[in-house]
2 protein chains.
Amino acid sequence: MSEPERLSRRNAIRQENEQRILAAAEKVFAEAGFGGATMQLIADMAGLPKANLHYYFPTKEALYRAVVQTIFDIWLHAADSFDKAPGPVEGIGAYIDAKMEISRRHADGSKVWASEVMHGAPVIQDYLETTLRDWTAGRAALIQRWIDEGKMAPVDPRHLLYMLWATTQHYADFGHQIETLNGGKALSDKQWKAATESVKAVILRGIGAG
Amino acid sequence: MSEPERLSRRNAIRQENEQRILAAAEKVFAEAGFGGATMQLIADMAGLPKANLHYYFPTKEALYRAVVQTIFDIWLHAADSFDKAPGPVEGIGAYIDAKMEISRRHADGSKVWASEVMHGAPVIQDYLETTLRDWTAGRAALIQRWIDEGKMAPVDPRHLLYMLWATTQHYADFGHQIETLNGGKALSDKQWKAATESVKAVILRGIGAG
DNA sequence: TCGCTTCCTGACCGTATGGTCAGGTTTGAC
DNA sequence: GTCAAACCTGACCATACGGTCAGGAAGCGA
């Protein structure tokens, strides 16, 4: 994607600082939402003066956009395994695995994305209408092919995709609720695995491919 | 719950205004989040001067809390049909119906709820730890009984509940995304029905009760 | 009609926010 | 070593926000 940057001190500084800011911003936006987040808080969390944030990202919205962009890329990437699969068990199974992993490892990013979409996608509407629309059409076609080949039950591919997104993202977006219902403790490794297996079991059996 | 209010002009005014404010607040909180919402905007949408909002609801947080309370009650109420059912097909089927209807009719409230939980439930943590925890334990026990009676496959009841919440709420919380992927048009009656049937088909077959 | 309560609201206030900027320091190509 | 470009930041600004309040209008029991 980006050509290998010359490894100068300057580039190192730039990369380091942008990374720190993005990480802090992701956390703050996830916790407070766009409106509730403040540049000052992000700056404090990144350990930089506020004015420095504006040096790298001209506006709050530009910073926010960069955060959303990051998680969107990760999100799309999760479908790689989906495509190469010979059938629904491998494809959808691997997709659930990947998306559950994202919910665990990038919970903040997932929340930012969810928040953005929930509020009408004010800054990423164009992505929804182009990249996501194409992506969805492609995967829906693949699922339809599996149905036509008798590899799974005839389920509306789009609603199936929504179910996959919903069930996996829920563990990130509603993680706090799940944690509360888990006695106030975050899910353990074992519990994450059990969650993933539960989702896979119900979905795969549900589409007649278990 | 509340004793029948005397039908005076005053009470009518109070009820009317509180209702207008709550309706406007629900919409604004859903669209902008707590931090992004402003009392001025809510006031404008309710057609009242801002100071009047503070007459009925002392602070922004009090107003917000009232909005969340409302949707939480609706949400809990949706499980009524669940309980009286003889088995998973009727119980879970009816629950999905009810929750999908809520996603459609109370999309704004659902978003406010989702937003609240996503941000760590700052104002309704107590509900999660008491009412919701009890509610969940009760339903999980019921599902476990169905499993023990051989009426459905052995699926972790809690993860099944999460799947039910996730799949149904998704149509409210991510309604904008779904709409965009639907060619920019809101789902029609027929499409809502198809969505509900898809969810029910996959879940019920997925728990071996279809 | 009187008098008390509830309802209403324009004007105001302190504060916090996103953003700016002038002036400084560091880096690195030459 | 020179110097321009990149980096850094304390101090500052205009604005918008949540909330207050004094004083008036409307409702209503007696």
Side-chain angles (χ1 to χ4, degrees), chain A residues 2 4-22 24-29 31-68 112 115-116 119 122-123, chain B residues 2 4-22 24-29 31-68 112 115-116 119 122-123:
Chain A
S2 57
E5 299 275 342
R6 284 201 60 256
L7 192 59
S8 65
R9 177 105 184 79
R10 281 214 184 129
N11 282 337
I13 287 174
R14 170 152 230 128
Q15 204 169 327
E16 154 91 13
N17 282 347
E18 283 182 349
Q19 218 47 53
R20 287 168 75 128
I21 294 169
L22 283 172
E26 182 176 285
K27 195 164 195 173
V28 174
F29 282 133
E31 283 171 4
F34 180 80
T38 70
M39 294 298 270
Q40 187 61 62
L41 194 58
I42 295 171
D44 292 348
M45 191 154 293
L48 295 170
K50 182 170 71 107
N52 208 350
L53 261 64
H54 283 99
Y55 174 72
Y56 286 102
F57 299 91
T59 64
K60 185 183 179 185
E61 188 176 315
L63 174 54
Y64 175 73
R65 189 184 278 266
V67 170
V68 173
V112 175
S115 207
E116 166 67 9
H119 298 150
V123 316
Chain B
S2 58
E5 299 275 343
R6 282 199 62 256
L7 192 57
S8 64
R9 177 104 183 81
R10 280 210 185 134
N11 283 336
I13 287 175
R14 170 153 230 126
Q15 205 170 327
E16 154 89 14
N17 282 346
E18 282 182 351
Q19 218 47 52
R20 286 169 75 127
I21 294 169
L22 283 172
E26 182 175 285
K27 194 164 197 173
V28 173
F29 282 133
E31 281 171 5
F34 179 80
T38 70
M39 293 299 271
Q40 187 62 63
L41 194 58
I42 295 171
D44 291 348
M45 190 153 294
L48 296 169
K50 182 170 71 108
N52 208 350
L53 261 66
H54 283 97
Y55 174 72
Y56 286 103
F57 299 92
T59 65
K60 185 184 179 185
E61 190 178 313
L63 174 54
Y64 176 72
R65 189 182 278 266
V67 170
V68 173
V112 175
S115 205
E116 165 68 9
H119 298 149
V123 316

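Every chain is numbered from 1 and lettered A, B, ... according to where its sequence line falls, protein lines coming before strand lines.
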Peer 1: Can you spot which of B/Gln19, B/Glu18, B/Arg20, B/Arg14 makes a side-chain contact (heavy atoms from CB on, under 4.5 Å) with B/Glu16?
Peer 2: B/Arg20
Peer 1: Do NZ/NE/NH1/NH2 and the carboxylate oxygens of A/Lys27 and A/Glu31 come within less than 4.0 Å?
Peer 2: no
Peer 1: If you look at every strand shown and take non-hydrogen atoms under 4.0 Å, does A/Ile13 touch a base, only sugar-phosphate, or nothing?
Peer 2: sugar-phosphate
Peer 1: Give B/Ala62 one of three labels, base, sugar-phosphate or nothing, depending on what nucleic acid heavy atoms sit under 4.0 Å from its own.
Peer 2: nothing
Peer 1: Whole-Å distance between D/dA22 C1' and B/Tyr55 OH?
Peer 2: 15 Å
Peer 1: What's the CG-P distance between A/Leu48 and D/dT9, to the nearest Å?
Peer 2: 7 Å
Peer 1: Does D/dG10 have OP1 or OP2 sitting under 4.0 Å from an N or O in the side chain of A/Asn52?
Peer 2: no
Peer 1: B/Met39 has an atom CE; how far is it from atom P of D/dT20, in whole Å?
Peer 2: 10 Å
Peer 1: Bend across the helix from C/dT1-D/dA30 to C/dC30-D/dG1, to 10°, with axes taken over 5 pairs at each end?
Peer 2: 20°
Peer 1: Which heavy atom of B/Leu22 sits nearest a heavy atom of B/Ala66, and at what distance?
Peer 2: CD2-CB, 3.7 Å
Peer 1: Taking OP1 and OP2 of C/dT27, is either one under 4.0 Å from a side-chain nitrogen or oxygen of A/Asn11?
Peer 2: no
Peer 1: Starting at atom CD of A/Gln40, determine the distance to atom C1' of D/dT9, rounded to an integer number of angstrom.
Peer 2: 12 Å
Peer 1: 5'-most contact on DNA chain C: A/Ala37 or A/Ala51, nearest heavy atom basis?
Peer 2: A/Ala37
Peer 1: Just the rounded figure in Å: distance from P of D/dG18 to NE2 of B/His54.
Peer 2: 7 Å
Peer 1: Just the rounded figure in Å: distance from P of D/dG19 to CD1 of B/Ile42.
Peer 2: 11 Å
Peer 1: Please identify each residue that fulfils ring pair (Phe, Tyr, Trp, His ring centres under 6.0 Å) with B/Tyr64, with sequence neighbours left out.
Peer 2: B/Phe29, B/Phe34
Peer 1: According to a strict under-4.0 Å criterion, is A/Arg14 in side-chain N/O contact with OP1 or OP2 of D/dA6?
Peer 2: no
Peer 1: Which pair of heavy atoms, one from A/Asn52 and one from A/Leu48, lies closest together, and at what distance?
Peer 2: ND2-CD2, 3.9 Å
Peer 1: Give B/Tyr56 one of three labels, base, sugar-phosphate or nothing, depending on what nucleic acid heavy atoms sit under 4.0 Å from its own.
Peer 2: sugar-phosphate
Peer 1: Looking only at heavy atoms, what is the nearest atom pair of A/Met45 and A/Val28, with distance?
Peer 2: SD-CG2, 4.0 Å
Peer 1: Do A/Lys60 and C/dG19 share a donor-acceptor pair, side chain to base, under 3.5 Å?
Peer 2: no
Peer 1: Is any side-chain heavy atom of A/Arg65 closer than 4.5 Å to one of A/Val68?
Peer 2: no
Peer 1: How close or far is atom C1' of C/dT9 from atom CG of B/Asp44, stated in whole angstroms?
Peer 2: 14 Å
Peer 1: NZ of B/Lys50 versus C1' of C/dT9: gap in Å, rounded?
Peer 2: 11 Å
